[in-house]
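Worksheet for the structure shown next.
Letters A, B, ... are given to chains in the order of the sequence lines, protein chains preceding strands, and every chain is numbered from 1.
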Amino acid sequence: MELNLSEKSLRLDSEVRVRFAPSPTGHLHIGGVRTALFNWLYARHNKGTFILRIEDTDRTRSTEEYIDAIIEGMKWLGLDWDEGPYRQTDRFGIYKSYADKLLKEGKAYYCYCRPEELEQRRQEALAQGRPPKYDGRCRNMERVQGFKGSRVQKKNAAVRFRMPQEGQTVVDDLIKGRVIFENSHLDDLIIMRSDGTPTYNLVVVVDDVDMNITHVIRGDDHLNNTPKQIHIYNALRYEVPLFAHLPMILGPDKTRLSKRHGATSVTAYIEMGYLPDALVNYLVRLGWSHGDQEVFTRDELIQYFSLENVGKSAAVFNPEKLLWLNSQYIINSPAKRLIELVMPFLSKEKVISEGQTLNNDWLSKAINTLRERSRTLIELTNSLRYYIAEDIEYDEKAKSKFLNEKSRDLLIEFKENLTSITDFSASEIEKVFLSLIEKHSIKLGNLAQPVRVAITGKTESPGIFEVLEIVGKEKTLKRLEKAIQTIGIS
RNA sequence: GUCCCCAUCGUCUAGCACGGCCUAGGACAUCGCCCUUUCAAGGCGGUAACACGGGUUCAAAUCCCGUUGGGGACGCCA
């Protein structure tokens with residue numbers, strides 16, 4: 001998409017156009033997802049357009065791998081985009097022409113300072129307690145000092161934007177309200193590097209104009225950039241979009257969420273067995289609310305979402321609440337959906353061998369017994385293991401506590417009784433249990449726990465009657481026999 | 001250092017724009033009880049917050065100012 005400049009002035013304010021513009025210098029992280037989500041919801045709620053744009057102008061740090069991860073993450077989350085993904089590296093020519101235009105109009109100038117010099121001056125300023133602002137030594141070189149860089153010198157120079165130094169700039173932020181900046185605090189920022197590539201503050205403005213973005217919804221770490229960008233819009237004589245700066249997501253120590261706080265990439269949450277809807281639901285409630293409601297369907301989210309209900313303060317990321325939401329989603333998802341979600345985990349965790357298929361009705365039944373006790377797909381997978389696998393392994397503690405001399409005879413008798421029934425259903429199995437405990441005047445637990453360990457290897461499982469039914473007669477008898485043998489040996 | 005933002009239970013938040021309905025509500029976590037063959041799920045109940053100080057007002061969590069605290073930005077990163 002490349003609209004030319006004149007078409008741009010005919011902006012249609014009625015249609016909402018928003019974008020998510022990640023830079024592929026790392027994995028798609030939780031903070032980015034939240035920004036993407038709010039943009040997506042705003043677009044969907046307003047029947048607008050959601051655009052994905054990859055900000056890869058920093059060629060040294062951007063990688064194809066990260067671009068793929070971002071796209072995969074967005075797809076997994078169900079945040080579909082209507083345009084893009086655009087890539088800024090495809091658009092360098094456009095940025096160059098805008099920079100030239102600014103240069104020609106005297107709104108930008110060549111800066112011949114070396115990066116090392118700049119860094120040194122910055123450090124000095126900081127050490128002396130002065131604002132580390134560019135000292136402007138190249139600012140009026142041509143006009144005042146009559147210096148004219150040669151073609152070669154210019155080719156190796158960076159280009160700086162001439163920032164107005166008087167007056168104030170007002171940002172009427174949709175979330176933060178009116179924020180006023182003194183222009184004298186604004187820095188002449190570099191818009192073109194000395195290697196000829198454009199930088200963020202130029203490309204973001206050019207692209208947002210070029211793509212007709214109406215609302216810039218982004219993290220509030222960009223709030224300070226906004227007045228600078230507004231001046232670039234003005235210099236280019238473009239209409240300024242509306243801004244909405246979202247509060248940050250913090251780690252438990254209240255600093256900006258980062259890798260050192262543990263899992264922060266979408267990929268990590270996919271691997272840990274989270275459902276996309278749960279992550280989305282959790283993230284949307286970080287900074288946004290709709291009364292007391294905690295659980296939302298996508299449709300409700302789209303219907304209710306508005307920037308007015310976005311809070312102003314930063315929020316601490318709480319993995320426990322996310323876990324709870326995930327368990328809620330597992331409890332409430334249709335079995336069919338759960339099967340779809342858990343199959344990759346069954347393969348990956350080697351619960352099923354390559355090419356092995358399972359009966360879906362049977363699997364549904366198995367999953368239905370487990371959904372209330374699985375907070376993640378990993379947990380579900382691990383429980384499914386004793387339903388599916390040929391053999392089980394005993395948890396050591398469970399084994400020593402329940403598979404011993406005390407339970408041996410009971411298990412033998414139980415196995416015999418079980419062998420005789422033909423209808424291997426939970427209700428028939430229950431009868432076998434009940435008659436045996438009655439005969440020996442023991443509590444159900446005295447029999448159920450040893451059986452549970454014999455069949456599942458663990459002390460916890462769904463109701464033992466249904467567990468046996470799902471495991472099936474053949475495997476049940478086999479495992480009981482193995483348990484009896486195990487006791488015999490020890 | 002300078003600028004900007006923010007401030008209700010441990011955490012996410014409702015309430016704040018239109019001050020009284022707030023003895024501050026919900027959720028997660030936590031504690032207790034119930035249910036119970038285990039583990040869950042579920043039900044019921046408990047502990048727990050308006051950062052502080054000044055105003056304005058008959059009345060302030062809600063409005064104003066200050067303080068403190070926290071966060072962010074100050075790059076030839078985005």
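Contact annotation for A:Asn446: no contact, since no heavy-atom pair falls under 4.0 Å across all strands. Contacts of A:Thr60 with the nucleic acid, taken as non-hydrogen atoms under 4.0 Å apart, are absent. Among the atoms of the strands shown, only primed sugar atoms or phosphate atoms (P, OP1, OP2) are found under 4.0 Å from some heavy atom of A:Gln328. At a threshold of 4.0 angstrom between heavy atoms, the contacts of A:Glu320 are confined to the sugar-phosphate backbone, with no base atom among them. Residue A:Leu286 is in sugar-phosphate contact alone, with no base atom involved, counting any heavy-atom pair closer than 4.0 Å across all strands shown.
Residues satisfying the ring-ring contact (aromatic ring centres under 6.0 Å, His included) criterion with A:Phe20, sequence neighbours excluded, are absent altogether. Partners of A:Arg256 under the salt bridge (Lys or Arg N to Asp or Glu O under 4.0 Å) rule, at least two apart in sequence or in another chain, are A:Asp221. Contacts of A:Trp288 classified as ring-ring contact (aromatic ring centres under 6.0 Å, His included), with partners at least two apart in sequence or in another chain: A:Phe296, A:Phe305. For A:Tyr200, the ring-ring contact (aromatic ring centres under 6.0 Å, His included) partners at least two apart in sequence or on another chain are A:His222. Checked against side-chain contact (heavy atoms from CB on, under 4.5 Å), A:Asp292 has no partners two or more places apart in sequence or in another chain.
When Watson-Crick and G-U wobble pairs are counted only if both distances are under 3.5 Å, B:C22 pairs with no nucleotide at all. In this entry B:G45 has B:C31 as its Watson-Crick or G-U wobble partner, both defining distances falling under 3.5 Å. Nucleotide B:A14 forms a pair with no other nucleotide shown, judged by Watson-Crick or G-U wobble geometry with both contacts under 3.5 Å.
For the side chain to side chain donor-acceptor pair (under 3.5 Å) criterion with A:Gln88, the lone passing option out of A:Thr197, A:Asp207, A:Asp58 is A:Asp207.
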Side-chain donor/acceptor pairs under 3.5 Å, residues 167-174 of chain A, sequence neighbours excluded:
from     : atom 1 : to       : atom 2 : distance (Å)
A:Gln168 : NE2    : A:Glu182 : OE2    : 2.8
A:Thr169 : OG1    : A:Asn183 : OD1    : 2.5
A:Thr169 : OG1    : A:His231 : NE2    : 3.1
A:Asp172 : OD1    : A:Arg178 : NE     : 3.0
A:Asp172 : OD2    : A:Arg178 : NH2    : 3.2
A:Asp173 : OD1    : A:His245 : N      : 3.1
A:Asp173 : OD1    : A:His245 : ND1    : 2.6
A:Asp173 : OD2    : A:Ile175 : N      : 2.8
A:Asp173 : OD2    : A:Lys176 : N      : 2.8
A:Asp173 : OD2    : A:His245 : N      : 3.2

Report, one line per pair, each donor and acceptor closer than 3.5 Å where one atom sits in a side chain of residues 458-469 of chain A; sequence neighbours left out.
from     : atom 1 : to       : atom 2 : distance (Å)
A:Ser461 : OG     : A:Arg452 : NE     : 2.7
A:Glu469 : OE1    : A:Ala426 : N      : 2.7
A:Glu469 : OE2    : A:Lys365 : NZ     : 2.9

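On the nucleic acid side, RNA chain B contacts chain A at distances under 4.0 Å to non-hydrogen atoms, with the end points of that region at B:G1 to B:A78.
Proximity of a side-chain donor or acceptor of A:Asn326 to a complementary backbone N or O of A:Gly273 within less than 3.5 Å is detected.
Contacts with RNA chain B (heavy atom under 4.0 Å) in residues 453-471 of chain A: A:Thr459, A:Glu460, A:Ser461, A:Pro462, A:Gly463, A:Ile464, A:Phe465, listed by number. Contacts between residues 33-40 of chain A and RNA chain B, defined by a heavy-atom separation below 4.0 Å, involve no residue at all. Within a heavy-atom distance below 4.0 Å of RNA chain B, the residues of residues 196-204 of chain A found are A:Thr199, A:Tyr200.
When the C1' atom is used for both B:A61 and B:C77, the distance is 41 Å, rounded to whole Å.
Sorted by first then second residue, the side chain to side chain donor-acceptor pair (under 3.5 Å) pairs that include residues 426-435 of chain A, not counting sequence neighbours, are A:Ser425-A:Ser427, A:Glu428-A:Lys431.
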